[in-house]
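See below for the structure under consideration.
Order of the sequence lines sets the chain letters (A, B, ...), proteins ahead of strands, with each chain counted from 1.
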Number of protein chains: 2
Amino acid sequence: MAESPLALEPLARVTLNDLAYARLKHALLSGRLEPGTTLTLRELAAQLGTSMMPVREAVTRLSAEQALTVLPNRGIKVPALDAGTAAELWRLRFLLEGDACAEAARHASTAELARIATLRDAVEAHGRGGDLYGVLEANSAFQFAIYEAARGPVALQFIEVLRMKSVPHCTAAIRGMLRERPAYFDECWVNHDALVDALMRRDAVLAREVKVRDLRALQALVDDASGAQP
Amino acid sequence: MAESPLALEPLARVTLNDLAYARLKHALLSGRLEPGTTLTLRELAAQLGTSMMPVREAVTRLSAEQALTVLPNRGIKVPALDAGTAAELWRLRFLLEGDACAEAARHASTAELARIATLRDAVEAHGRGGDLYGVLEANSAFQFAIYEAARGPVALQFIEVLRMKSVPHCTAAIRGMLRERPAYFDECWVNHDALVDALMRRDAVLAREVKVRDLRALQALVDDASGAQP
DNA sequence: AATTGACATCTGTGATCACAGGTGAATATA
DNA sequence: TATATTCACCTGTGATCACAGATGTCAATT
């Protein structure tokens with residue numbers, strides 16, 4: 001067989017299983033599922049218009065990643081985090097997301113940098129508008145644009161898992177603060193600007209530093225909120 | 001309801017799915033599956049004495065983690081790594097396994113340290129005996145005893161995923177070196193000793209440093225072997 | 001009136017069946 | 001003899017069916 005000069009990708013086969021997983025992942029990453037929410041396979045299958053089969057493989061996977069918990073004969077639950085697990089998640093987010101930002105500073109193309117800057121603006125716009133899901137969705141898109149630019153598919157997948165577990169745990173606190181003290185988020189916009197700036201200047205060390213600072217602020221917000229009204 | 005003084009664990013429900021996953025994971029982590037090996041769902045189901053169902057959920061999961069590749073209508077394959085992915089895996093192993101060793105130095109109980117030291121001896125014994133699967137199995141047990149002592153379940157899972165992808169890629173090189181230049185591994189035993197020593201002295205920085213050195217040596221071995229006879 | 005008992009219902013799990021699609025060997029053709 | 005073509009077989013994927021177990025309701029009993 002002759003070597004094709006096109007070298008086309010093998011054209012990844014997308015199964016209903018993958019599709020179901022992608023949907024649930026997106027729901028978790030964009031804060032639309034909060035701890036305590038319960039689901040059932042049959043209900044999800046009906047919503048997606050398929051049989052239970054693809055849904056249950058997706059749920060099995062998410063349950064293995066501890067992004068969902070399956071109660072035997074009782075349904076599927078978005079788990080609440082105990083303090084120890086939450087602490088470990090923050091630690092790993094500092095480590096992996098910080099590292100990914102450093103790598104992004106090294107590898108991002110100018111087109112990617114431009115796209116990242118655009119997405120940053122969208123986050124701030126939604127944030128000042130005060131709509132929760134808008135800002136969560138936009139923020140997710142902004143962050144993952146950076147992590148994709150880091151050119152590390154394995155690390156990207158780890159970060160997805162971390163955030164699927166972490167985001168639901170943060171949503172309530174963000175909603176409260178967005179309603180009561182929206183000015184609190186000014187610090188976020190500053191950090192976002194600083195991060196984009198570091199990426200554009202190719203300063204890997206600074207990028208990681210800014211990212212960790214940003215995450216630490218979020219952790220403080222969430223810890224305060226859950227400490228105040230548990 | 002009265003608070004039970006026993007506070008028993010909820011007794012985790014173990015499904016055939018989990019069992020099948022554990023089996024395949026173990027086969028990958030202990031080097032018994034090498035790149036290029038092909039499997040089928042029906043064959044695995046027959047070996048495990050179940051229907052295809054539990055096996056396929058386990059395989060779906062492993063394929064999502066890219067520890068296995070499923071070729072549409074053609075079977076399941078243990079994937080070979082391209083250079084880019086291999087490099088990223090090494091980078092992440094330095095990061096996460098190094099970090100886990102540092103954490104183990106902080107949190108390991110004396111009982112765990114004793115067990116780790118025992119397992120270290122077993123690795124060296126099998127290594128000097130020259131039997132491949134013995135040393136791989138013992139080494140896996142030794143390393144994971146350390147990572148469990150680090151008290152980070154999420155990080156532990158990430159490390160498992162990394163090694164499921166990395167170990168098959170290393171097996172052939174280790175076999176070759178074990179046969180041709182067994183003295184090469186003396187460096188390993190020294191590193192293992194140094195690692196256990198660092199753990200016992202609670203020196204987190206040193207533990208990470210030794211671990212990274214150990215991994216770097218393994219990477220050099222594997223890269224040399226695959227560069228020599230690709 | 002409070003407690004206990006049974007039962008109807010709903011859950012995830014596992015098995016079996018049906019199917020589209022890809023492979024490769026055997027066959028027919030030039 | 002070399003090439004093209006067909007076709008039987010085997011694969012993963014998806015749907016449907018069967019089942020054990022947990023829950024909560026409702027009635028019978030004390």
For nucleotides 20-22 of chain D, give me every protein contact, N/O to N/O, under 3.5 Å, one pair per line with atom names.
from	atom 1	to	atom 2	distance (Å)
D:dG21	O4'	A:Asn73	ND2	3.3

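- Within the structure, the side chain to side chain donor-acceptor pair (under 3.5 Å) test picks out no pair touching residues 69-81 of chain B (sequence neighbours left out).
- For B:Lys77 and D:dT11, the NZ to P distance is 17 Å, given to the nearest whole Å.
- For DNA chain C, the contact window with chain B, defined by any atom under 4.0 Å from a protein heavy atom, covers C:dG14 to C:dT23 in 5' to 3' order.
- Every residue was checked against the side chain to side chain donor-acceptor pair (under 3.5 Å) condition with B:Thr110, not counting sequence neighbours, and none meets it.
- Every salt bridge (charged side-chain N to carboxylate O under 4.0 Å, His left out) that A:Glu34 has, sequence neighbours left out, goes to A:Arg175.
- For B:Phe94, the ring-ring contact (aromatic ring centres under 6.0 Å, His included) criterion is met by no residue, not counting sequence neighbours.
- Contacts of B:Arg23 classified as side chain to side chain donor-acceptor pair (under 3.5 Å), with partners at least two apart in sequence or in another chain: none.
- Considering only residues two or more places apart in sequence or on other chains, A:Ser63 meets the side chain to side chain donor-acceptor pair (under 3.5 Å) condition with none of them.
- Remark: B:Ser51, B:Met53, B:Pro54 in residues 46-71 of chain B come within less than 4.0 Å of DNA chain C through at least one heavy atom.
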- Residue pair B:Asp99, B:Glu103: steps toward the side chain to side chain contact (heavy atoms under 4.5 Å, CB included) verdict: CA-CA 6 Å; B:Asp99 186 72; B:Glu103 289 294 303; 4.1 Å; yes
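- Listed by chain and number, the residues in a side chain to side chain donor-acceptor pair (under 3.5 Å) with B:Lys211 are B:Gln143, B:Tyr147 (sequence neighbours excluded).
- With sequence neighbours excluded, the residues that form a salt bridge (charged side-chain N to carboxylate O under 4.0 Å, His left out) with B:Lys25 are B:Glu160.
- Under the rule for a side-chain contact (heavy atoms from CB on, under 4.5 Å), the partners of B:Ser51 that lie at least two apart in sequence or sit in another chain are B:Met53, B:Pro54.
- Judged by closest nucleotide on DNA chain D, A:Leu16 is the one of A:Arg42 and A:Leu16 placed further toward the 5' end.
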